[in-house]
Amino acid sequence: MKQASSRRAALKKIAGSAALVTVGSTLSARVAAAEQAMGTELKGKINHSVCKWCYDKVPLDQFCQEAKKIGLKSIELLGPKEWPTLKKYGLTCAMPNGAGKGIEQGFNDPKLHDELVKSYEEVIPLVAAAGYNQIICFSGNRRGMSDEEGLKNCAVGLKRLMPTAEKYKVTMVMELLNSKVNHKDYMCDHTAWGAALCQQVGSERFKLLYDIYHMQIMEGDVIATIKKFHPYISHYHTGGVPGRNEIDETQELNYPAIMKAIVETGFKGFVAQEFIPKRTDVLASLDQGVRICDVA
Ligand SMILES: O=C(O)C(=O)CO
C-alpha cells in the first residue's frame, strides 16, 4: 500500500507541475494525464494482465479505463460478450473463457467429452476471430479417480480438440489450482501431473496455467518448479499466500524474485494479477500488484 499511495501522491505532484498545466484543465484531468504517462513507464519485460472477477464491483467500462491508466495490456477470464468492450479500449484478453463446464467438470470425465468437445469447437473459432490465442480449460474434480486414470482420460479428451486448436492457432491452457483451500478434490493440482499431461497430449497447443498462489499452497518451491517446467507453461496468475489478497509484504511470496525467474526463462506471455483486494481502494492495490511484478 505504501508504494501505491506514494505513487498516487507522486501523480498529484506531477499533475500540479507547470509542465502539465494547460489552460482550463482540471486537477483530475491532469492526474489522469499524469497517470497515463506513468502507466507507460512499465519496464516492458512482463506483459501485465488482470482477472476481472477479482474486481466484480467495478463496471467493465470503468475497469478498462483504470486498467489502461495502470499500464495493463489485458483483462482476462472474460467471454465473447465482453471482448467488444475490451477492444473499445485497445485491451486484449490474454486468457479468454467461455467454453466448457467449469472447474469441477472437466476433461478427466470421459462422459463429458462429447459436450466439452462441442463447446470448445464452438468457442475456439471465436477466440481466433477476436485475435486471441489461448483459452482456459480444467481437469475437473477427482471423485475417487486415480491420477493415472485422470491423466489418461484428460489426454483422450484433449487430443480430440488439438486439430481444431492447431487449425485456429489457439492454445488450450489447463489451470493448476490448489485442492486444499479453494478447490477441494480438483485433479490438476500438481505441476508434474500437468507436465505429464502436456507430454501425453503432444501438441504445442496444450499448455499449463501456473497459478503461483495455488501452487505455493500445494507444492511451494515456486522458482525451481518454474525453471524445471517452464516449457509447459504459457500463462501465470498471482495472489498473496496465505489469504489470496494483495501480493505485498503482508504475504510470504517474493514476487519480484519470481518474476525475474519467469523473465529468465524467456517467457513472452502474460502474468495476470488474480488476488482479491482487501483494501477499499482496490485499484490502488491492483496498481501496486502490477508494479511489484514489473521487474527489469
Ligand atoms: O477460481 C480460481 O481459484 C482461479 O484461480 C481461476 O483462475
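As the structure lists them, so they are numbered: ligands from 1, and atoms in each ligand from 1. Small disclaimer: the values here were computed from a predicted structure and weren't measured.
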Quick check on contacts: which atoms of ligand 1 are under 4.0 angstrom from a heavy atom of [X]?
X: H183; answer: 1 (O), 2 (C), 3 (O)
X: I103; answer: 1 (O)
X: H237; answer: 7 (O)
X: L77; answer: 7 (O)
X: H214; answer: 2 (C), 3 (O), 4 (C), 5 (O)
X: D211; answer: 5 (O)

Structural part of L209 in contact with ligand 1, heavy atom criterion under 4.0 angstrom: neither

Per-residue contact class, R244 against ligand 1 - non-hydrogen pairs under 4.0 Å: side chain

Backbone N/O of N108 and side chain of N153: donor-acceptor pair under 3.5 Å: yes

G79 backbone acceptor or donor facing N97 side chain under 3.5 Å: yes

Geometric N/O contact W53 with ligand 1, under 3.5 angstrom: no

Close N or O approach (N182, ligand 1; < 3.5 Å): no

Y232 and F229 aromatic ring geometry - parallel, tilted or perpendicular at 30°/60° bounds: tilted

Parallel, tilted or perpendicular: rings of W83 and Y132 (30°, 60°): perpendicular

I136 touching ligand 1 at heavy-atom level, < 4.0 angstrom: no

Proximity flag N178 to ligand 1, non-hydrogen atoms under 4.0 Å: no

Q273-T238 side chain donor-acceptor pair, cut-off 3.5 Å: yes

Partner residues of K81 under the salt bridge (Lys or Arg N to Asp or Glu O under 4.0 Å) criterion, sequence neighbours left out: none

Aromatic ring proximity, centroids under 6.0 angstrom, Y255 and F275: no

Option passing salt bridge (charged side-chain N to carboxylate O under 4.0 Å, His left out) with E246 (candidates K278, R291, R279): R279

